[in-house]
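Have a look at the structure below before the remarks.
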Amino acid sequence: MRETNFLTENNARHVWHPMAHPADMLANPPRIIRAASGVEITDIDGKTVLDGVGGLWNVNLGYSCDPIKQAIRDQLEELPYYSAFRGTTNPPLIELSYELAEWFKEDGLSRSFFTSGGSDSVETCLRLARQYHKVNGQPERTKFVALKKGYHGTHFGGASVNGNANNRRNYEPLLPGVSHLAAPYGYRNPFGTDDPAEIAAAIGRQFEDEIAFQGADTIAAFIMEPVLGAGGIMVPHETFMPLMRAICDKNGILLIADEVITAFGRTGAWTGSRLWGTRPDLMSTAKAITNGYYPFGAVMISDKIAEAFEANKNTVGTIGHGYTYSGHPVGAAAALATLKETKRLNVAANAGARGNELLAGLNRLKEKHELIGDVRGKGLMCALELVTDRAAKTGAPKDVVQRLQDAAYDAGVMVRTSGSNVIISPPLIITTADVDRILAALEAGLTAAAGGK
């Protein structure tokens, strides 16, 4: 690797960063992360901090998981790549498909389709949903229903069902035939209540009204995150996902669970769908499936979908979709090792316990700091929503949020910001002492953001 001066001088000069304005990156170059170990990252200046972002929701097992690293090394020596398009496959892919069927058995999911990441997985779900209805003799079912504030990646299909304006506005027009319902967002919603059960019921009524308006026989699928992530950590009432499942069933609509973030333990349950006692028809996964060590994803497919495709006798059931790196042998080997370690460490249980500690600490901070308007979380996905006026719920401006992030980093913890939200999603192997470090750094950040008072 080139010397520090070269990296600093060329930072953001020749690359456009995801989810950032190129001009802003040139004016305010991003932090250069040079190394990582355990649950900590080290920047190019040698400062080491706890990674409260968990990479990007994906490094559930931390940065020192040697079994995964060794599996990648071994597979690179054995078979570094071969295509999984029709006619060829590879041993790790086959083994992984079996292990995933076992892992997701409780969710009613028995088949896999492998991808290169989360956006690919969502795109695959959307395409398979439309194709299922064609296979099933209902080709007019092409529309999708989603939630405002939901995040489903950045491909054209995923961006179309996204419920965040910043992922949509500059790329419109997007996919036609997509409708959005209100988010299960207790702090801000159009229903005049903060009761999560009432909000869930109101969105259910919205869904039924939209179905009546669009025509049930035109809708392919409803897509949702069991806990909304990038949109600001919105935890629906426990009745919400089962209600949406029931409405889908009543109207012949598929339910897609976007679990790119929530699968593999982050909410305190092994899947977000399982958390709410719901079986989806399709599930998108990625991120933690390889602990972030290799770009990889998997769409999990229910028996109902599988049976329809596998019984089809014409070309309508042919999967005319795939990626060069679908079922990549190195990615599959990494995923196998990750699943084994994820189960061995029982990170879902730890995420639940540490998440309760973190959420309690965040609520204590809210009692102390007027800057916090709302605290939300489930397992190890939590958020603070910052406001300059609690009564009016006026969102904190960018400079205030940035001061918090910078001061928290100086105090030893990396956190993520999105609008007026501060998002905390650390590795699932953190300890109680790590939770205390996160809370102490946020305390410092909140003090700085409020002007040092």
Side-chain angles (χ1 to χ4, degrees), residues 52-54 56-58 60 104 107 118 121-122 125 146-153 158 161-164 180-189 194 196-197 199-200 203-204 222-245 255-280 282-289 300 347-359 362-363 374-385 416 418-419 421-428:
V53 187
L56 196 60
W57 317 87
N58 57 346
N60 284 8
F104 290 104
D107 301 288
S121 291
V122 169
C125 285
L147 297 175
K148 294 175 182 177
K149 299 294 183 181
Y151 180 81
H152 304 292
V161 294
N162 262 357
N164 296 293
H180 287 84
L181 310 175
Y185 187 9
Y187 191 59
R188 302 178 192 275
N189 64 75
D194 59 4
I199 294 167
I203 299 170
F222 169 70
I223 184 170
M224 66 169 287
E225 301 164 274
V227 176
L228 281 68
I233 314 294
M234 289 157 200
V235 185
H237 190 260
E238 62 186 11
T239 60
F240 180 66
M241 196 171 184
L243 172 62
M244 303 309 269
R245 171 79 270 182
L255 174 62
I256 301 171
D258 184 348
E259 300 225 28
V260 171
I261 290 172
T262 53
F264 307 109
R266 182 156 290 279
T267 66
W270 285 121
T271 68
S273 298
R274 214 175 296 180
L275 175 71
W276 305 127
T278 303
R279 287 187 166 197
L282 295 161
M283 180 189 290
S284 58
T285 76
K287 291 193 182 291
I289 197 169
M300 299 306 302
V347 294
N350 193 61
R354 303 292 80 74
N356 288 339
E357 294 170 357
L358 179 59
L359 194 62
L362 296 178
N363 278 303
D374 194 34
V375 170
R376 302 183 289 274
K378 190 69 175 177
L380 284 174
M381 49 191 306
C382 296
L384 302 175
E385 184 164 344
R416 184 184 181 198
S418 177
N421 295 308
V422 178
I423 295 174
I424 305 104
S425 56
L428 306 191

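Quick caveat, the model's predicted, so the values are computed rather than measured.
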Quickly, which of Leu359, Val347, Leu428 forms a side-chain contact (heavy atoms from CB on, under 4.5 Å) with Leu380? Name it, please.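 Single side-chain contact (heavy atoms from CB on, under 4.5 Å) partner of Leu380 among Leu359, Val347, Leu428: Leu428.
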Candidate pair Tyr151 and Asn164, rule side chain to side chain contact (heavy atoms under 4.5 Å, CB included), full reasoning: CA-CA 7 Å; Tyr151 180 81; Asn164 296 293; 4.0 Å; yes
How close do [X] and [Y] get, heavy atom to heavy atom, and via which atoms?
{"X": "Leu358", "Y": "Cys382", "result": "CD2-SG, 3.8 Å"}
{"X": "Trp276", "Y": "Pro242", "result": "O-CG, 3.3 Å"}
{"X": "Asp258", "Y": "Thr262", "result": "O-OG1, 4.1 Å"}
{"X": "Pro226", "Y": "Ser273", "result": "CG-N, 3.8 Å"}
{"X": "Leu147", "Y": "Ala182", "result": "CD2-O, 3.5 Å"}
{"X": "Ala200", "Y": "His237", "result": "CB-CB, 4.2 Å"}

Check whether any side-chain N or O of [X] sits under 3.5 Å from a backbone N or O of [Y] as a donor-acceptor pair, and report yes or no.
{"X": "Lys287", "Y": "Leu56", "result": "yes"}
{"X": "Ser121", "Y": "Thr285", "result": "yes"}
{"X": "Thr267", "Y": "Gly379", "result": "no"}

Starting from the C-alpha separation in whole Å, work towards a yes-or-no answer on side chain to side chain contact (heavy atoms under 4.5 Å, CB included) for Asp374 and Leu384. CA-CA 6 Å; Asp374 194 34; Leu384 302 175; over 6 Å; no
Is any side-chain heavy atom of Arg279 less than 4.5 Å from a side-chain heavy atom of Leu255?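 No. Closest side-chain heavy atoms not under 4.5 Å.
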With heavy-atom distances below 4.5 Å as the criterion, would you say the side chains of Ile423 and Ile233 are in contact?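 Ile423 reaches Ile233 side chain to side chain.
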Derivation of the side chain to side chain contact (heavy atoms under 4.5 Å, CB included) call for Arg245 and Phe240: CA-CA 9 Å; Arg245 171 79 270 182; Phe240 180 66; over 6 Å; no
For Ser284 and Glu259, does a side-chain donor sit closer than 3.5 Å to a side-chain acceptor?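 No, no side-chain donor-acceptor contact under 3.5 Å.
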Any luck finding a side-chain donor-acceptor pair between Asn421 and Arg376 under 3.5 Å?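 There is such a pair between these side chains.
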What distance do Arg188 atom CZ and Lys148 atom NZ have between them, rounded to the nearest 0.5 Å?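 Nearest 0.5 Å value for the CZ-NZ distance: 15.0 Å.
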First locate atom CD of Glu225, then atom CE of Met241, and finally report the distance between them rounded to the nearest 0.5 Å.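 Output value for this atom pair is 10.5 Å.
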Evaluate the side chain to side chain contact (heavy atoms under 4.5 Å, CB included) criterion for residues Phe222 and Leu181: first the C-alpha distance (whole Å), next the side-chain angles of each, then the deciding distance (0.1 Å), finally the verdict. CA-CA 10 Å; Phe222 169 70; Leu181 310 175; 4.2 Å; yes
Under the salt bridge (Lys or Arg N to Asp or Glu O under 4.0 Å) rule, collect the residues that match up with Arg274, sequence neighbours excluded.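 Listed in chain order: Glu106, Asp107.
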Using side-chain hydrogen bond (donor to acceptor under 3.5 Å, both in side chains), reason through Asn162 and His152 one step at a time and then give a plain yes or no. CA-CA 5 Å; Asn162 262 357; His152 304 292; 5.2 Å; no
